[in-house]
Amino acid sequence: MTEIRFLGHAAFTISDGHTTVLIDPFLTGNPKAAISADDVSADTILVTHAHADHVGDTVAISKRTGAPVVAIVELAAELEEAGAASTIGINFGGTAVFDWGWAKMVPAWHTGVSDKGVATTPAGFLINFKDTIVYHLGDTGLFSDLKLVGKRHPVDVALIPVGGHFTMDPVDGVDAADFIGAQTVIPCHYNTFPAIEIDVSSYQRDVEAQTSSHCVVLEPGQTHTV
């Protein structure tokens, strides 16, 4: 049994109760955070891109737990220099393999300047967690290659940013759900700040009316079981 827990904004854990993959742990300073950085557990940390609302507490959590951090190569080097326990730098098409499965890096259309002012390339992750396939899109706008991500490994759950302004909006988010064809869609990256406030119930209705996917809306702290 795999549990996907929404921690607020774009932060999630994927866990079976023994092993936990943590994604984009923006917790400190996140008004919607469901848990503090000191209390979250992690065996592996995946970071989609360098913006502060995604890197978040990565270094502190990695130091405390010993979890390796997977990120695009330039960002991985920066996080290791900042004190992460260890890092695995990969690039688009690359896959990091673990005892629990693997994480493959796929493109995302966005920007990604780090705290140091260095531009690094944003990404998404296709994650095989003990045979459950989860696709975290990172922060992205709509683009047609989303259709390709699940071609070889059909997606069980897609974590789709829908707040608009910085990512795709709910209208484009419906098209993204249609392109990906996941069994379940979980929206994220909305209602954290005024600029990304949306009516998420309307998005849920539109996904279920216009695509083959089931849409699950999680409040921060809630879980979806696969």
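The structure displayed is predicted, hence computed values, not measured ones. Computation of the quantities below employed the complete heavy-atom set of this structure, encompassing side-chain atoms and omitting hydrogens, waters and symmetry-equivalent molecules.
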(request) May I ask you to decide if the ring planes of His189 and Phe166 are parallel, tilted or perpendicular, using 30° and 60° as cut-offs? (result) perpendicular
(request) Please report the closest heavy-atom contact between His49 and Leu75, naming both atoms and the distance. (result) C-CD2, 3.7 Å
(request) Evaluate whether atom NZ of Lys130 has more than 12 neighbouring non-hydrogen atoms of other residues, nucleotides or ligands under 6.0 angstrom away. (result) yes
(message) If the test is side-chain hydrogen bond (donor to acceptor under 3.5 Å, both in side chains), which one of His51, Glu78, Glu74 qualifies with Ser114?
(response) Glu78
(request) Would you check, one step at a time, whether the test side-chain hydrogen bond (donor to acceptor under 3.5 Å, both in side chains) holds for His214 with Glu208? (result) CA-CA 6 Å; His214 177 51; Glu208 297 195 339; 2.6 Å; yes
(message) Does Glu81 have more than 12 heavy atoms from other residues, nucleotides or ligands lying within 6.0 Å of its CD?
(response) no
(message) With side chain to side chain contact (heavy atoms under 4.5 Å, CB included) as the criterion, how do Leu46 and His136 come out once you've worked through the C-alpha distance, each side chain's angles and the decisive distance to 0.1 Å?
(response) CA-CA 10 Å; Leu46 309 180; His136 192 302; over 6 Å; no
(request) Please tell me if the side chains of Ile90 and Thr95 come closer than 4.5 Å, counting only heavy atoms from C-beta onward. (result) no
(message) Taking the side chain as everything from C-beta on, heavy atoms only, tell me whether Leu159 gets closer than 4.5 Å to Phe12.
(response) yes
(request) Verify, without hydrogens or angle tests, whether Thr167 (side chain) and Thr140 (backbone) share a donor-acceptor contact under 3.5 angstrom. (result) no
(message) Just to verify, which of Thr19, Thr44, Asn128, Asp16 counts as forming a side-chain hydrogen bond (donor to acceptor under 3.5 Å, both in side chains) with Trp100?
(response) Thr44
(request) Please name the residue in the list Asp53, Asp24, Asn30 that meets the side-chain hydrogen bond (donor to acceptor under 3.5 Å, both in side chains) test with His9. (result) Asp53
(message) Contact between Pro68 and Phe98 at the side-chain level, heavy atoms closer than 4.5 Å - yes or no?
(response) yes
(message) For Leu148, give me all partners under side-chain contact (heavy atoms from CB on, under 4.5 Å), at least two apart in sequence or on another chain.
(response) Asp145
(message) With heavy-atom distances below 4.5 Å as the criterion, would you say the side chains of Pro122 and Thr48 are in contact?
(response) no
(request) Flag yes if more than 12 heavy atoms outside Trp109 fall under 6.0 Å of its CH2 atom; otherwise flag no. (result) no
(request) Please examine the side chains of Ile127 and Ile23, heavy atoms only from C-beta on, and report whether any two atoms are closer than 4.5 Å. (result) yes
(message) Quiz question: by atom type and distance under 3.5 Å, do the side chains of Asp57 and Thr28 form a donor-acceptor pair?
(response) yes
(message) Would you say that Leu126 contacts Ile133 through its side chain, given a criterion of any heavy-atom pair below 4.5 Å between the two side chains?
(response) yes
(request) Measure the acute angle between the ring planes of Phe26 and Phe193, then classify it against the limits of 30° and 60° as parallel, tilted or perpendicular. (result) tilted
(message) So which atom in Pro25 and which in Ala11 form the shortest heavy-atom distance, rounded to 0.1 Å?
(response) CA-CB, 4.2 Å
